[in-house]
Amino acid sequence: MVERVYNFSPGPAVLPLPVIEEAQRHLVALPGVGMSVLEISHRSKPFEAILAETKQSLTDLLGIPAGYKILFLQGGASLQFSMVPMNLLGGKSADYVLTGSWGQKALEEAHRTGEARVAWDGKADNYNRLPAAGELKLTPTAAYVHVTSNETIQGVQFRDMPATGSVPLVADLSSDFLSRPVPVDRFGLIYACAQKNAGIAGVTVVIVRDDLLARAPDNLPSMLDYRVHAKNDSLANTPPVFAVYILSLICRWLKDDVGGLAKMAERNVEKAKLLYDVLDKSGGFYRGHAKPDCRSQMNVTWRLPSEELEATFVKEAKTHKLHELKGHRSVGGIRASIYNAMPVEGVRALRDFMVDFQSRHAGKK
Ligand SMILES: *Cc1c(COP(=O)(O)O)cnc(C)c1O
């Protein structure tokens with residue numbers, strides 16, 4: 001087999017090896033079907049079984065209560081930036097909590113559809129923290145409150161979601177979906193593209209509370225209307241069959257190999273701690289971007305004393321099989337994305353490299 005490196009890409013990102021191997025084994029013909037999952041009708045029994053299994057797995061893993069629909073949509077999380085306001089605004093205004101770049105994008109798109117207000121904006125601190133208790137300026141009559149659970153670029157992540165009273169909470173979970181348990185009943189709507197923790201690009205999961213479906217205006221184009229997808233069980237048109245199939249394998253891996261989301265979260269906390277400990281013990285050589293109590297367990301972001309050293313770090317890391325560590329251009333520095341499928345061995349290898357790199361380069365600037 002060709003050797004695999006440790007892939008710290010922010011997305012599309014590393015997949016669990018057993019999932020890739022199973023997909024490879026069954027790519028030419030699904031057992032008992034004799035055709036590839038790439039070749040079968042989305043209305044065939046085998047695909048219906050895959051769809052049903054995926055929904056059941058998500059329900060089991062996340063403990064999704066009755067009264068919610070699970071939808072498998074296309075257009076990425078970015079299309080949800082538009083579909084959420086199109087379906088849920090109902091002529092009212094929505095509140096947006098901005099903790100980083102993705103929240104900003106969501107707000108921009110909401111403005112194209114209707115009215116949206118900023119309930120909090122972390123821009124003044126370059127999005128290195130979350131709102132403190134009491135800082136949120138929420139409107140009691142808002143159609144919904146939108147938050148980004150984990151800001152993939154800046155590396156800040158909510159531990160607990162803000163309380164929004166009777167106003168439905170809507171959350172972009174794209175980069176921490178299935179990485180930890182989620183109290184689904186606290187949300188009106190959750191959406192997440194799959195290519196960070198839940199598989200490959202092409203499918204976006206939407207979990208929406210039934211009562212919110214009634215808000216959509218009647219003149220919405222059908223493909224942008226949650227009701228149409230809910231009524232047709234995500235088969236209103238051809239869904240991204242291969243991406244749904246990979247999601248089904250990811251769910252199986254989470255259930256059978258990992259042992260559920262609480263176990264997954266334990267692993268993720270342990271992995272993130274390995275890296276944050278290096279930042280904290282580096283005497284300022286590595287400067288973490290996020291405030292310690294707002295740190296992401298998924299995307300660890302930090303700077304080095306100079307941009308030259310950052311470039312050297314990324315280049316040298318590659319010679320140790322540690323790839324895709326360059327930070328996003330808007331933040332700079334280094335970003336290590338350590339999603340579910342990044343093994344702890346990969347994070348240990350990065351930690352050891354960081355300690356060694358500092359010992360060789362500290363003081364040189
Ligand atoms: C990756 C990402 C997106 C964008 O997803 P697309 O599928 O590319 O549209 C949105 N929000 C967050 C938090 C992300 O990490």
Side-chain angles (χ1 to χ4, degrees), residues 7-15 71-86 94 96-110 112-113 116 120-123 127-128 130 144-159 161-162 169-180 182 187 189-207 223-224 229 239-240 242-244 246-247 250 268 272 289-290 294-301 324 326-331 335-342:
N7 170 13
F8 294 91
S9 165
V14 58
L15 292 165
L71 312 178
F72 302 101
L73 307 183
Q74 305 196 51
S78 299
L79 185 59
Q80 295 312 307
F81 296 164
S82 304
M83 281 179 74
V84 164
M86 283 175 167
Y96 278 71
V97 181
L98 306 187
T99 51
S101 308
W102 289 115
Q104 280 183 312
K105 289 213 166 171
L107 175 70
E108 274 168 35
E109 290 303 320
R112 291 172 190 270
T113 297
W120 186 81
D121 190 351
K123 192 171 183 195
Y127 296 116
N128 69 355
L130 299 160
Y144 59 85
V145 178
H146 183 280
V147 299
T148 310
S149 174
N150 180 68
E151 279 286 359
T152 323
I153 291 174
Q154 283 79 10
V156 301
Q157 182 180 30
F158 280 97
R159 296 282 170 282
M161 290 293 155
L169 183 61
V170 171
D172 177 358
L173 259 70
S174 291
S175 53
D176 61 2
F177 188 57
L178 302 180
S179 75
R180 58 179 180 177
V182 175
F187 296 84
L189 187 147
I190 288 171
Y191 62 92
C193 58
Q195 69 269 22
K196 280 66 186 269
N197 269 314
I200 61 172
V203 66
T204 296
V205 178
V206 173
I207 302 169
M223 286 297 106
L224 300 177
H229 295 288
F242 193 63
V244 173
I246 297 292
L247 173 58
I250 293 275
N268 287 329
H289 177 75
C294 307
R295 285 170 166 173
S296 168
Q297 312 293 332
M298 298 277 100
N299 313 94
V300 183
T301 52
E324 306 297 319
K326 196 171 181 316
H328 190 271
R329 58 193 181 280
S330 63
V331 176
R335 168 172 51 172
S337 298
I338 49 173
Y339 298 123
N340 286 352
M342 169 57 65

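Atoms within each ligand, like the ligands themselves, are counted from 1 in listed order.
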(request) Find the distance between OG1 (Thr152) and CG (Asp172) and round it off to the nearest 0.5 Å. (result)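 Reported value, rounded in 0.5 Å steps: 7.0 Å.
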Counting each atom of ligand 1 from 1 as listed, which ones have a heavy atom of [X] under 4.0 Å away?
X: Asn150; value: 13 (C)
X: Ala77; value: 3 (C), 4 (C), 5 (O), 6 (P), 7 (O), 9 (O), 10 (C)
X: Thr152; value: 12 (C), 13 (C), 14 (C), 15 (O)
X: Phe81; value: 10 (C)
X: Ser175; value: 13 (C), 15 (O)
X: Gly76; value: 7 (O), 9 (O)

(request) Before giving the answer on side chain to side chain contact (heavy atoms under 4.5 Å, CB included), spell out for Leu73 and Met83 the whole-Å C-alpha distance, their side-chain angles and the decisive distance to 0.1 Å. (result) CA-CA 11 Å; Leu73 307 183; Met83 281 179 74; 3.9 Å; yes
(request) Would you mind telling me which of Gln154, Glu151, His328 makes a side-chain hydrogen bond (donor to acceptor under 3.5 Å, both in side chains) with Ser101? (result)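 That would be Gln154; it is the only one of Gln154, Glu151, His328 passing the side-chain hydrogen bond (donor to acceptor under 3.5 Å, both in side chains) with Ser101.
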(request) Compute the shortest N/O to N/O distance between Cys193 and ligand 1 and return yes if it is under 3.5 Å, no if not. (result)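 No: no nitrogen or oxygen of Cys193 is under 3.5 Å from one in ligand 1.
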Tell me which protein heavy atom sits closest to [atom], plus the residue, atom name and distance to 0.1 Å.
atom: atom 7 (O) of ligand 1; answer: Gln195 NE2, 3.0 Å
atom: atom 14 (C) of ligand 1; answer: Lys196 NZ, 2.9 Å
atom: atom 11 (N) of ligand 1; answer: Asp172 OD2, 2.6 Å
atom: atom 9 (O) of ligand 1; answer: Ser78 OG, 2.6 Å

(request) Would you mind telling me if ligand 1 is within reach of the side chain of Leu79, the backbone, both or neither, using heavy atoms under 4.0 Å? (result)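 Within the 4.0 Å criterion, Leu79 makes no contact with ligand 1.
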(message) What I want to check is whether the side chains of Asn268 and Asn340 have a donor and an acceptor closer together than 3.5 Å.
(response)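 Result is yes, a qualifying pair exists.
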(message) Could you check whether Asn299 and Ser337, counting side-chain N and O atoms only, form a donor-acceptor pair closer than 3.5 Å?
(response)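 Short answer, yes.
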(request) Output yes when Lys105 and Glu108 qualify as a salt bridge under the 4.0 Å nitrogen-oxygen rule, no when they do not. (result)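 Looking at Glu108 together with Lys105, the answer is no, because their closest N to O distance does not fall below 4.0 Å.
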(message) Parallel, tilted or perpendicular: which one describes the rings of His146 and Phe81, with boundaries at 30° and 60°?
(response)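 Ring orientation, 0 to 90° scale: perpendicular.
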(request) For a side-chain contact (heavy atoms from CB on, under 4.5 Å) with Met298, tell me which candidate from Met342, Gln157, Arg180 qualifies. (result)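 Looking at Met342, Gln157, Arg180, the match for Met298 under the side-chain contact (heavy atoms from CB on, under 4.5 Å) is Gln157.
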